[in-house]
Structures are given as C-alpha cells and as structure tokens.
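Below is one structure; the comments refer to it alone.
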Amino acid sequence: MNRNNKRRPGASAADLSGLPVAKNEEYIADIVGLGHDGEGVGRVNGFTLFIQGALPGEKVRAKVLKVKKQYGYAKLLEIIEASPDRIDAPCPIYKQCGGCQLQHLSYDAQLRWKRRLVIDNLERIGKLRVADAGAELRVGAEAVAGVGVGAGSGGARDAGIVVHPTLGMSDPWRYRNKAQVPIGLAAGEEGGLIGGFYAQGSHRIIDMEACLIQHENNDAVVAAVKRIAGELGIRPYNEGTGKGLLRHVIARYGFNTGEIMVVLVTNGRDIPRRDELVGLIREAIPDVRSICQNVNRQQTNVIFGDETRVLWGSEVIYDTIGDVRFAISARSFYQVNPVQTEVLYRKALDYAGLSGEETVIDAYCGIGTISLFLAQKAREVYGVEIVPEAIEDAKRNALVNEIRNVRFEVGGAEVVIPEWKRQGIAPDVIVVDPPRKGCDAALLETILAMRPERVVYVSCNPSTLARDLRVLEDGGYRTVEVQPVDMFPHTVHVESVVRMHRKS
Ligand code: SAH
C-alpha cells in the first residue's frame with residue numbers, strides 16, 4: 001500500500017474528485033465492521049472510511065483526514081448512535097499509549113470478534129469451510145467487500161470446520177508477567193527519572209505509574225527502581241546524545257512461584273553506588289530473587305545488549321505451567337500471559353491425542369515449554385528451535401523436571417526436521433508453533449512427506465495460519481477444529497490451536 005500522501009506521477013487531482021468524500025470534510029458514517037487493527041470500518045455513500053475508535057453498529061460523525069481511490073481515513077468526532085458493546089476504556093492513558101486497541105469494546109464482544117477474525121481468515125485466505133460461521137461482529141475485509149463469506153448451508157458434504165468460541169480470561173486484567181520500560185529524565189528542575197512508554201509514533205517517553213494489563217508487582221518494581229535510581233543520582237540514558245546510564249528496567253514475575261527478577265539495562269558496565277542500589281532494591285522488593293544487569297552500549301532501539309551479569313541473587317527465576325517448572329533467565333523468551341498459556345498448552349496436548357506411545361515433533365519449540373508438556377504423555381519428543389540460548393534453556397528445563405524422553409536440537413525447523421526424516425524418525429504427531437510469518441514452505445513439504453497421523457498447529461497469526469492450513473489440506477490433511485485462545489486481552493492479537501487429521 002502506498003502510505004505517503006504524494007500523488008504518483010501521472011495521477012492527477014481529478015483522480016479523487018469523483019469520490020463521495022473529500023479531505024477535511026465531515027460526514028456521518030455507518031460503522032459496518034472492525035478492522036484488523038481494531039479500527040472501525042465505516043461507510044459513507046458506499047465509500048469506506050477507517051475510523052479509529054468507532055465500533056460496528058455505530059453511527060458517527062467523522063472528519064476525513066486522508067483519501068485514496070478505494071478508501072480513506074477519518075477522525076472520530078462524535079458518536080451519534082453508540083454500540084451496545086461500547087464501554088468506557090478503564091485505562092486513563094488508553095489513547096496516548098497504543099499498547100491496547102480494544103479497551104472501548106466489552107470483553108465479551110472482544111472474544112466474539114476474535115473468533116470472527118479467525119473464521120474470516122480461514123474462509124478468505126484458506127478457502128476453508130467453517131461450520132455455522134454465524135454473523136456476529138463482522139471484521140474489516142468482509143465488511144469492506146460488503147458480503148458475508150458464508151459457509152453455505154446447502155449441499156454440504158461434511159459439516160465443516162468447528163471454530164469454537166474464544167477461550168477468554170475470567171479476569172482479563174493484570175495478566176502480563178513481564179514489563180519492559182524505557183527510562184528517561186523527568187522535565188523540570190528536580191530531574192527525577194521517568195519510565196513508561198513511548199508516545200505513539202515518537203520516541204518521547206511518557207511516565208506511567210500503572211498499566212492495567214501488567215501484574216501489579218511489575219508496576220511496583222518499576223516504580224521502586226525509578227525512585228531509588230533517581231535518589232542515588234543515576235542518570236537515565238538519552239537516546240539523542242547516547243549519554244547517560246540507565247536505559248530500560250525489566251521486571252519479570254513468576255505468577256505461580258511469586259519470584260521476581262529485575263534487569264537493569266545500562267549503557268556501560270559501571271554503575272555508581274551499585275551496592276547501595278542493590279541493597280535498596282532488595283529492601284523495597286522483598287520477593288526479589290534475581291537482580292541482573294545487561295550492558296547495551298549500542299545506539300539502537302534494541303533493548304538488550306550481549307552481556308548479562310548477576311548483580312545479586314540467582315541467575316534465573318522459576319515459574320510453573322501445569323506440573324512443569326521453567327527456569328527463566330534475563331533474556332529468554334517465555335509466554336507473557338501464564339494463565340492463558342496453560343489453557344493454550346492443555347488444548348494443544350488435547351489435540352495431540354497422546355496415549356503414551358507416540359513419537360512427537362515440536363517445531364519452533366522455544367525454551368521447550370510445549371515439548372516438556374507433551375513429553376509427560378508421549379513416548380518421545382523431539383524439539384527444534386533456531387535460537388541457541390533457547391535450546392540451552394530447554395535442555396536445562398528438561399533436567400530440572402527430570403524429563404528424559406526429550407531431545408532438543410538447534411537449527412531451522414525446515415532444515416533439522418528433514419534431517420530427522422533421513423535418520424528414520426517417524427512422528428505420529430507434529431506440533432508447530434511458528435512466529436507470525438508462519439511455517440516455512442519446506443517444513444510444510446516435510447510434514448506432508450512424513451505423514452504423521454495428526455498435526456497440531458499453534459498460531460499467533462490467523463492469516464499465515466489459514467495459508468498454511470490450505471497447503472496441508474491440499475496435501476492430504478483435514479482441519480477438524482480450531483480453538484481461539486485470548487492470550488492478549490484488550491489487544492487485537494489472537495492465538496489459535498488447530499487439530500488436523502490425516503485423511504485415510
Ligand atoms: N513454542 C514456544 C515458542 C513459540 S515462538 C512457546 O510456546 O513458548 C516461535 C519460536 O520459533 C521462537 O522461539 C523463534 O525463535 C523460533 N523460530 C523462528 N524461526 C524458526 C525456524 N526457522 N526454525 C525453528 N525455530 C524458529
């Protein structure tokens with residue numbers, strides 16, 4: 001999409017003159033859908049306007065900011081008829097922050113919309129037939145097209161894929177176990193430290209005392225470090241000049257163990273009054289188990305540098321998911337919503353249909369979380385992951401839990417799994433949990449060649465999920481059911497677990 005405002009060579013102003021809307025004019029729009037970024041999809045005389053903050057079913061007054069041939073963007077001015085699903089966003093900094101996109105939509109409606117988003121992708125991109133797709137809250141593309149991509153009721157050969165209602169949280173707040181906060185200098189004479197988030201579209205730090213999706217302990221840790229470091233005269237890092245010391249504070253909390261880790265990312269090794277700093281942090285946060293320092297001297301917006309050392313306490317904290325215990329180090333990847341992670345993994349385990357006899361491959365295994373979960377119910381599990389440190393953690397986690405029927409290997413799933421095939425490893429079940437871009441084509445090919453009974457696909461991106469399911473369907477697999485899981489309440493993200501069976 002051409003994002004800049006300038007006209008292309010050859011295009012004339014007349015291009016936009018016949019349109020039913022014009023820039024800077026105000027219109028009444030009917031909102032017919034909710035786009036993939038949580039924006040309202042509005043209609044004015046058949047023309048589509050994207051309007052941040054508007055909800056499906058609403059009638060709003062909006063001012064056009066930008067017009068293109070097919071659609072435009074407008075600013076919400078007034079809600080003339082409100083959706084019954086509209087609520088007041090509880091967070092006072094919701095609009096400034098941008099970390100959440102759906103706080104103005106009731107939680108129940110968020111869950112319905114997320115299911116709808118998954119269905120829309122399965123139908124539109126995957127060309128898959130969904131049973132009883134329903135109307136519910138329509139999503140953007142479908143609303144733009146102006147047609148429901150119905151599953152069709154007539155002449156069904158089979159009932160279609162079951163997409164279950166999204167599994168949400170009973171208390172969808174304060175769910176995150178990790179905070180990463182940039183530190184800056186407060187305006188004014190005192191020059192204390194501030195920390196929070198970058199104002200949307202900029203690198204100006206806005207101070208934040210509380211984040212409603214963050215565990216309270218993480219807020220408390222960040223507040224304590226800001227206060228203590230400020231009192232000790234530790235200078236915050238300045239992105240513009242590259243001077244100053246304290247860049248980021250990271251707080252991690254083990255929901256099931258109560259253990260706390262603090263990581264100070266600094267622009268250099270020496271911390272003035274380091275022992276005092278450590279002592280005061282320990283005093284302020286009695287449950288702290290680990291205080292680490294990560295040194296990042298690069299002028300970059302990447303948070304972590306290469307060197308991490310322990311200032312006090314342990315190198316790791318622990319948390320548990322189900323019966324499995326995980327060591328979490330300063331930089332290792334660990335799912336941020338531990339309550340819903342357990343829901344997700346239990347579903348993956350359920351869909352894997354294990355009896356204790358199976359050979360299972362866990363592709364994109366990270367620190368081995370799903371692998372170790374599956375290993376308790378399988379004969380053997382093979383995990384593969386591209387980040388070497390994550391595989392070190394995975395191996396350590398296997399030891400900590402005395403789980404011996406797992407083998408972890410570093411490398412691309414699309415490289416290592418074909419090698420396993422050559423070695424004669426024949427999985428009954430393959431679980432994949434790829435990053436947003438989905439599975440590598442070579443991996444999908446290898447899965448089809450290995451012919452496991454079942455494939456379990458864990459996905460954080462419904463569009464690449466739909467694309468990959470189409471490939472597996474064409475190669476002889478049937479998508480049986482899909483379970484959307486809400487790992488990130490109040491944001492537009494949705495996770496799904498899919499059960500596929502080999503057609504006999
Ligand atoms: N299953 C894990 C991690 C999922 S995130 C969990 O639930 O915690 C996806 C993982 O895929 C990341 O750890 C990323 O490092 C890894 N990854 C990305 N590309 C990969 C590739 N080509 N082969 C193997 N792993 C890859």
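Just so you know, residue 1 is the first one in the sequence shown, and it goes up from there. Atoms within a ligand are numbered from 1 in the order they appear, just like the ligands themselves. Values below: all heavy atoms of this structure, side chains included; hydrogens, waters and symmetry mates excluded.
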| said: Let's go through Arg407 and Trp420 carefully: what are the C-alpha distance in whole Å and the side-chain angles of both, what is the deciding distance for side-chain contact (heavy atoms from CB on, under 4.5 Å) to 0.1 Å, and is it a yes or a no? | reply: CA-CA 12 Å; Arg407 190 176 122 190; Trp420 285 344; 3.4 Å; yes
| said: Given a heavy-atom cut-off of 4.0 Å, could you list the residues near ligand 1 in chain and number order? | reply: Phe333, Gln335, Tyr345, Tyr364, Cys365, Gly366, Thr369, Ile370, Glu385, Ile386, Val387, Gly411, Gly412, Ala413, Glu414, Asp433, Pro435
| said: Here's a test for you: under side-chain contact (heavy atoms from CB on, under 4.5 Å), which of Val41, Leu117, Leu102 qualifies with Leu34? | reply: Leu102
| message | Any heavy-atom pair between the side chains of Glu385 and Val410 that's under 4.5 Å? | response | no
| message | With a 4.5 Å cut-off on side-chain heavy atoms, are His490 and Tyr94 touching? | response | no
| query | Are side-chain N/O atoms of Ser496 and Gln483 paired as donor and acceptor at under 3.5 Å? | reply | no
| request: Could you walk me through whether Arg470 and Leu128 pass the side-chain contact (heavy atoms from CB on, under 4.5 Å) test, one step at a time? | output: CA-CA 8 Å; Arg470 173 42 54 208; Leu128 291 157; 3.8 Å; yes
